[in-house]
A.B. asks: 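Once you've had a glance at the structure underneath, I'll fire off some questions.
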Amino acid sequence: MVAGLDVHYHGDDELTAAVVVLDSGTLSVVEQVTVHGRTTFPYVPGLFAFRELPALVEALERLTVTPDLLVCDGYGLAHPRGFGLACHLGVLTGLPSLGVAKTPFVGTHTTPGRERGSWTPIVLGDSTVGRALRTQRAIKPVYVSPGHRIDLDTVTDQVLRLAPRFRLPDPIRKADHLARHGT
DNA sequence: GCGACAG
DNA sequence: ATCTTGTCGC
């Protein structure tokens, strides 16, 4: 089972966190949870986890099933301190996790080929911390990195498998939809 | 030293 | 993230 996580913001300081658990094989919804709350930390690049983590952890605690993988909206290892949102969530829950970001944040990379599945490394210092991955032909790549208890090849395989039709993996799309529309 | 910077 | 106007494509 694979869980997608996302947070939606309303008004001054209100937020809704959503977690959607999908059957890894059929990509059908197994369970979904939303948590409403207020922001307790501003958006600061590099400290993103402090903003979204509390509500997401609460949503995860309300699940009746235990996911085998957390698919997070943001970075994991590819982070200025090597510890993005996906890492925090993975360590706190003890579950394998990965991060999928929509824009480049740290490190350097070249543009991957335009075919679905092509990728280039994201390099920070002298190590590879993630990949710019093309999930759909000629569509902007996504930026993936390991969170916890997962390697970069597995991250790449899973994200591709979970994004058969659109740019973003289904778990994230469904969590995004749930957080903003409540269904 | 200054600016830019996941969502 | 959010907002807004406009365009493209199935």
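Side chains included, hydrogens not; waters and symmetry mates left out as well; all remaining heavy atoms used. A note on names: the letters A, B, ... follow the listed sequences, proteins ahead of strands, and every chain is numbered from 1.
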A.B. asks: Could you check whether P80(A) gets within reach of a base, just the sugar-phosphate, or nothing at all, counting any heavy atom under 4.0 Å?
C.D. replies: nothing

A.B. asks: Any salt bridge between R173(A) and D73(A), counting N to O under 4.0 Å?
C.D. replies: no

A.B. asks: Students often get this wrong, so: under 4.0 angstrom with heavy atoms, is Y9(A) touching a base, only sugar-phosphate, or nothing?
C.D. replies: sugar-phosphate

A.B. asks: When you get a sec, tell me which of dG7(B), dC5(B), dA1(C) is the closest nucleotide to the side chain of T103(A)?
C.D. replies: dG7(B)

A.B. asks: Side-chain N or O of K102(A) versus OP1/OP2 of dA6(B): is the shortest distance under 4.0 Å?
C.D. replies: no

A.B. asks: Please pick, from dT2(C), dG7(B), dC5(B), the nucleotide with the shortest atom-to-atom distance to any side-chain atom of R180(A).
C.D. replies: dT2(C)

A.B. asks: I139(A) versus T135(A): any side-chain heavy-atom pair under 4.5 Å?
C.D. replies: no

A.B. asks: Map every base of DNA chain B to its dot-bracket character, where paired means a Watson-Crick or G-U wobble contact with both distances under 3.5 Å and | marks a partner outside the strand.
C.D. replies: .......

A.B. asks: In this structure, how many angstroms lie between the P atom of dA6(B) and the CG atom of D6(A), rounded?
C.D. replies: 15 Å

A.B. asks: Have a look at L5(A) and say if it touches a base, only the backbone sugar-phosphate, or nothing, with a 4.0 Å heavy-atom cut-off.
C.D. replies: nothing

A.B. asks: On a plain distance test, is the side chain of H79(A) in donor-acceptor contact with the base of dA6(B) below 3.5 Å?
C.D. replies: yes

A.B. asks: What residues form a ring-ring contact (aromatic ring centres under 6.0 Å, His included) with F41(A), not counting sequence neighbours?
C.D. replies: F50(A)

A.B. asks: Report which part of the nucleic acid G46(A) touches: base, sugar-phosphate, or nothing (heavy-atom distance under 4.0 Å, all strands).
C.D. replies: base

A.B. asks: If I take atom CD in residue Q136(A) and atom P in nucleotide dG9(C), what distance separates them, rounded to the nearest angstrom?
C.D. replies: 17 Å

A.B. asks: For D157(A) and T154(A), run side-chain hydrogen bond (donor to acceptor under 3.5 Å, both in side chains): C-alpha distance rounded to whole Å, both residues' side-chain angles, the deciding distance at 0.1 Å, then the answer.
C.D. replies: CA-CA 5 Å; D157(A) 290 346; T154(A) 307; 5.6 Å; no

A.B. asks: Using whole Å, what does the distance between atom C1' of nucleotide dA1(C) and atom CG of D12(A) come to?
C.D. replies: 13 Å

A.B. asks: Separation of D176(A) atom CG from dG7(B) atom P, in whole Å?
C.D. replies: 12 Å

A.B. asks: I'd like to check, for Y143(A), whether its ring lies over the base of dA6(B) with centroids under 5.5 Å apart and a plane angle smaller than 30°.
C.D. replies: no

A.B. asks: Would you mind reading off the distance between L168(A) atom CG and dG7(B) atom C1', rounded to a whole angstrom?
C.D. replies: 13 Å

A.B. asks: Just how far, in rounded Å, is P of dC5(B) from NE2 of H109(A)?
C.D. replies: 13 Å

A.B. asks: Indicate yes or no for a side-chain donor-acceptor contact from S97(A) to the backbone of A86(A) under 3.5 Å, with no hydrogens or angles considered.
C.D. replies: yes

A.B. asks: Send over the distance from R51(A) CZ to dA1(C) C1', rounded to a whole Å.
C.D. replies: 7 Å

A.B. asks: For the backbone of K102(A) and the side chain of R167(A), can you confirm whether one donor and one acceptor N or O come within less than 3.5 Å of each other?
C.D. replies: yes

A.B. asks: Taking atom types as modelled and ignoring hydrogens, do the side chains of H8(A) and T16(A) form a donor-acceptor contact shorter than 3.5 angstrom?
C.D. replies: no

A.B. asks: Which of the following nucleotides, dA6(B), dG7(B), dT2(C), is nearest to the side chain of L85(A)?
C.D. replies: dA6(B)

